[in-house]
Amino acid sequence: MEVKIAHVSQKKKEEVENIRKLVKDYKVLGIIDVTSLPASQFIKIKYKLRDKALIKLSKKRLMKLAFDSLEKEKPGISKLKEVLKGIPAMLLTNEDEFKLQKTLNKNKTAALAKPGQIANKDIYIKAGPTQFAPGPMIGEFGQLGIKTAVQEAKIHIKEDKLLVKEGQVIT
């Protein structure tokens, strides 16, 4: 019986070694999910953190292999495999993690919710005027169970309405 060994490209081997080196060189490693992050926002984040941190994108499988191979040198690092979800990226820095967190919180920006995403908080539509003129939008709001009225040639929402609960898939 002949045993076949899978061929692993040199590029993948180099990428795993590069991840290992980065994890060794930096004091702080964070895992972030960039699945729904627009490219323009990702570029802005990388630009704002350029002096403080490195953001490294790679394949999940290669990150897992690198973390497994580092387990002896950095006990517990293989537990990070559990948080590799979506499109993961590594955030590497030698900064104090609390200062980095403060910088990240200061630079948070809102993003539009898209169908298929999981809501990270409750999504409400607030009572008040909208930008829409009376017409087909009244029917759209009605399908969502949103009570409306026409005032001053605009659609007004009568009361606050919970559209999506935290943890639900946005439709």
Side-chain angles (χ1 to χ4, degrees), residues 19 22-23 26-64 66-67 76-171:
I19 294 168
L22 288 171
V23 171
Y26 287 92
K27 292 190 300 187
V28 178
L29 165 65
I31 304 294
I32 53 177
D33 183 6
V34 296
T35 302
S36 301
L37 189 66
S40 60
Q41 268 186 310
F42 183 66
I43 290 167
K44 284 178 188 174
I45 292 167
K46 282 183 79 167
Y47 180 77
K48 285 184 178 181
L49 295 176
R50 71 186 181 281
D51 297 332
K52 298 178 183 186
L54 169 72
I55 298 176
K56 171 75 173 146
L57 285 163
S58 190
K59 293 185 176 193
K60 271 188 269 195
R61 180 77 183 124
L62 300 180
M63 286 185 202
K64 288 178 182 179
F67 295 163
I77 194 167
S78 62
K79 291 179 184 174
L80 285 177
K81 294 189 308 185
E82 297 166 13
V83 296
L84 294 176
K85 303 211 181 334
I87 301 172
M90 295 182 298
L91 182 81
L92 301 137
T93 185
N94 286 321
E95 289 268 319
D96 177 59
E97 56 264 32
F98 297 107
K99 285 182 184 176
L100 181 65
Q101 183 65 42
K102 189 175 180 182
T103 303
L104 290 171
N105 287 337
K106 195 172 21 173
N107 290 298
K108 274 187 181 179
T109 58
L112 297 174
K114 295 179 184 171
Q117 291 179 334
I118 296 174
N120 61 354
K121 62 182 180 180
D122 291 345
I123 299 175
Y124 286 91
I125 189 161
K126 301 284 184 190
T130 68
Q131 63 192 21
F132 305 110
M137 282 305 296
I138 293 175
E140 299 266 344
F141 284 131
Q143 287 177 344
L144 294 170
I146 300 170
K147 296 177 184 174
T148 59
V150 178
Q151 297 175 359
E152 302 166 11
K154 296 284 182 192
I155 299 173
H156 283 247
I157 296 169
K158 289 184 177 181
E159 56 190 49
D160 291 352
K161 168 84 174 163
L162 175 66
L163 293 177
V164 183
K165 287 186 179 181
E166 181 179 346
Q168 286 183 328
V169 176
I170 299 169
T171 59

So which heavy atom on [X] is nearest to which on [Y], and how close?
X: Lys60; Y: Lys85; answer: NZ-C, 4.4 Å
X: Lys56; Y: Leu92; answer: CB-CD1, 4.2 Å
X: Thr103; Y: Lys52; answer: OG1-NZ, 3.6 Å
X: Pro134; Y: Ala153; answer: CD-O, 3.4 Å
X: Lys46; Y: Ile55; answer: CG-CD1, 3.9 Å
X: Ala127; Y: Asp160; answer: N-OD1, 2.7 Å

Going by heavy atoms in the side chains, are [X] and [Y] under 4.5 Å from each other?
X: Ile19; Y: Met90; result: yes
X: Pro129; Y: Glu152; result: no
X: Tyr124; Y: Val164; result: no

Pairwise distance [atom1]([X]) to [atom2]([Y]) - rounded to 0.5 angstrom:
X: Glu97; Y: Leu104; atom1: CD; atom2: CG; value: 12.0 Å
X: Lys79; Y: Phe67; atom1: NZ; atom2: CZ; value: 14.5 Å
X: Glu82; Y: Ile31; atom1: CD; atom2: CD1; value: 12.0 Å
X: Ile87; Y: Leu84; atom1: CD1; atom2: CG; value: 13.0 Å
X: Lys161; Y: Lys126; atom1: NZ; atom2: NZ; value: 14.0 Å
X: Leu144; Y: Thr171; atom1: CG; atom2: OG1; value: 8.0 Å

Within a radius of less than 6.0 Å around NZ of Lys59, do more than 12 heavy atoms belonging to other residues, nucleotides or ligands occur?
-> no

Taking the six-membered ring of Phe98 (Phe, Tyr or Trp), confirm whether the NZ or CZ of Lys102 is under 6.0 Å from its centre and within 45° of its axis.
-> no

Treating [X] as the side-chain partner and [Y] as the backbone partner, does any N or O pair qualify as donor plus acceptor under 3.5 Å?
X: Asp122; Y: Glu166; result: yes
X: Thr130; Y: Ile155; result: yes
X: Gln168; Y: Lys165; result: yes
X: Thr93; Y: Val28; result: no

Start with the C-alpha gap between Leu57 and Phe42, add the side-chain angles, then the distance that decides, and say whether side chain to side chain contact (heavy atoms under 4.5 Å, CB included) holds.
-> CA-CA 11 Å; Leu57 285 163; Phe42 183 66; 3.8 Å; yes

Which of Leu29, Leu54, Leu49 passes side-chain contact (heavy atoms from CB on, under 4.5 Å) with Leu91? Answer is Leu49

Side chain to side chain contact (heavy atoms under 4.5 Å, CB included) between Leu37 and Ile45: does it pass, once the steps are laid out?
-> CA-CA 10 Å; Leu37 189 66; Ile45 292 167; 4.0 Å; yes

Lys114 vs Ile170, side chain to side chain contact (heavy atoms under 4.5 Å, CB included): CA-CA, chis, key distance, verdict = CA-CA 7 Å; Lys114 295 179 184 171; Ile170 299 169; over 6 Å; no

